Number of protein chains: 2
Amino acid sequence: MLSKKTKYGLKALAYVAKHKGEDPVQIGAIAKSENISQKFLESIMLTLRKAGFLGSKKGKGGGYYLRRQPEEIKMVEVMRILEGPVSMVPCVSLNFYEKCDDCPDETTCSVHSLMVQLRDSNLAVLNKNTLADLIAE
Amino acid sequence: MLSKKTKYGLKALAYVAKHKGEDPVQIGAIAKSENISQKFLESIMLTLRKAGFLGSKKGKGGGYYLRRQPEEIKMVEVMRILEGPVSMVPCVSLNFYEKCDDCPDETTCSVHSLMVQLRDSNLAVLNKNTLADLIAE
DNA sequence: TTATAATCCTAGTATTCCGATAGGATTTAA
DNA sequence: TTAAATCCTATCGGAATACTAGGATTATAA
């Protein structure tokens, strides 16, 4: 399941992207428009800013704006920041590799190949889609 | 992340499939071979039996055996039983559909299309792979 | 300069889910 | 009748998730 954090984060990014070129958008406006708890959204926006997707302006009239072009923000980047690894098991993760604690040997693990296939098919989708695709429809 | 339940269940199915044609295999043997807590595995085997993948024989000399050919057990079936929906959000699930509580309208949801693509790419992999593929390598 | 409006930041909390365990009841082979 | 196996329900601790609280900081504008 997709976490609420990720879902809200994607919706918020889409909202900001839709208002590109205008004044910065406030958390309150996003929260209201997308039915998200404002306080929860605050922490998500902070994560997205620290990851470099968003910039912010403090004080009255402040808010958030995109720091990169929507076409250049791949979904795989956003998912890795918000949701974590693309892989379903750590031992096939490209960016978050870890040994599985129950597996003595990856080469003899019966689920390994299936997990690689799932990872790659998801990567294909997440590499192809950008923030621009999210707001296209 | 893949739950331990699913991972263990897949490994156990693979183990049983490898011993097809022999005497039924015991939970204890699987648990030992695959580094799984025996009591935890018990409940997983029960689930797999109730779902129709496995049959069991009680009492001394008992154990579990496959009720269907490995080539006919699609991974998508097993995943749906053990892990739940293939989709990452309920509103794009084919077998577990539910409305998302934060979405007034699916057609205007910015993440909807991405979720459909992820679902379909995963379905393709899970439909193609069977239990036979798990033990092939 | 002062009120207001916004982000920033840390900490805490309630709830849910996961992984595992406990303790037997039941069934069957030898 | 004994041992070995599955069957079944209940429970529990810990981790993660989804939020909440409460202010600190910063910038605008009257």
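Predicted model only: the values in this text are computed from it and were never measured. Proteins come first, then strands; the chains are lettered A, B, ... in the order of their sequence lines, and each starts at number 1.
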### Task
Can you measure from NZ (B:Lys18) to CG (B:Leu13) and round to the nearest 0.5 angstrom?
12.0 Å
### Message
Working to the nearest 0.5 angstrom, can you tell me the gap between A:Leu114 CG and A:Cys109 SG?
### Response
10.0 Å
### Query
Going by an N to O cut-off under 4.0 Å, is there a salt bridge joining A:Lys11 and B:Asp102?
yes
### Message
Under a 3.5 Å distance rule, please check whether A:Ser33 uses its side chain to pair with a backbone N or O of A:Ile30 as donor and acceptor.
### Response
no
#### Entry: Rounded distance in Å - OH (B:Tyr8) to C1' (C:dG19)
8 Å
### Length of the NZ-P vector between A:Lys4 and C:dT15, whole Å
17 Å
### Message
Filter on salt bridge (charged side-chain N to carboxylate O under 4.0 Å, His left out), then keep only pairs touching residues 19-30 of chain B, sequence neighbours left out; what's left?
### Response
none
### Task
With sequence neighbours left out, write down each residue that passes ring pair (Phe, Tyr, Trp, His ring centres under 6.0 Å) with A:Tyr65, or none if nothing qualifies.
none
### Summary
Ordered by number, residues from residues 20-51 of chain B within less than 4.0 Å of DNA chain C (heavy atoms) are B:Ser37, B:Lys39, B:Phe40
### Query
In chain order, what residues pass the side-chain contact (heavy atoms from CB on, under 4.5 Å) check against A:Asp105, with sequence neighbours excluded?
A:Thr107, A:Thr108
### Message
Please enumerate all residues that pass side-chain contact (heavy atoms from CB on, under 4.5 Å) together with B:Ser56, with sequence neighbours excluded.
### Response
B:Arg49, B:Tyr64
### Query
Can you check the A:Tyr65 OH to C:dA6 P distance for me, whole Å?
16 Å
## Note on the structure
Sorted by chain and number, sequence neighbours left out, side-chain hydrogen bond (donor to acceptor under 3.5 Å, both in side chains) with A:Lys4 holds for B:Asp101
## Note on the structure
A:Gln38 meets the side-chain hydrogen bond (donor to acceptor under 3.5 Å, both in side chains) criterion, sequence neighbours left out, with none
### Query
CG of A:Leu66 to CZ of A:Phe53: how many Å apart, nearest 0.5 Å?
10.5 Å
### Query
Of all of residues 57-64 of chain A, which get a heavy atom below 4.0 angstrom from DNA chain D, listed by number?
A:Lys57, A:Lys58, A:Gly59, A:Lys60
### Task
Pull out every residue in residues 85-93 of chain B that has a heavy atom closer than 4.0 Å to any atom of DNA chain C, ordered by number, or say none.
none
Without placing hydrogens or testing angles, list every side-chain donor-acceptor pair under 3.5 Å for residues 77-100 of chain A, not counting sequence neighbours.
unit_1, atom_1, unit_2, atom_2, d
A:Glu77, OE1, A:Arg68, NH1, 3.1
A:Glu77, OE1, A:Arg68, NH2, 3.3
A:Glu77, OE2, A:Arg68, NH2, 3.0
A:Glu77, OE2, A:Lys74, N, 3.3
A:Glu83, OE1, A:Ser3, N, 3.4
A:Glu83, OE1, A:Ser3, OG, 2.8
A:Glu83, OE1, A:Thr6, OG1, 2.3
A:Glu83, OE2, A:Ser3, N, 3.4
A:Ser87, OG, A:Val92, O, 3.2
A:Ser93, OG, A:Phe96, N, 2.9
A:Tyr97, OH, A:Glu106, OE2, 2.4
A:Lys99, NZ, A:Cys103, O, 2.8

## Note on the structure
Those residues at least two apart in sequence (or on a different chain) that pass ring pair (Phe, Tyr, Trp, His ring centres under 6.0 Å) with A:Phe40 are A:Tyr8
## Note on the structure
Counted 5' to 3', the first and last nucleotides of DNA chain D within 4.0 Å (strictly under) of a heavy-atom of chain B are D:dA4 to D:dC8
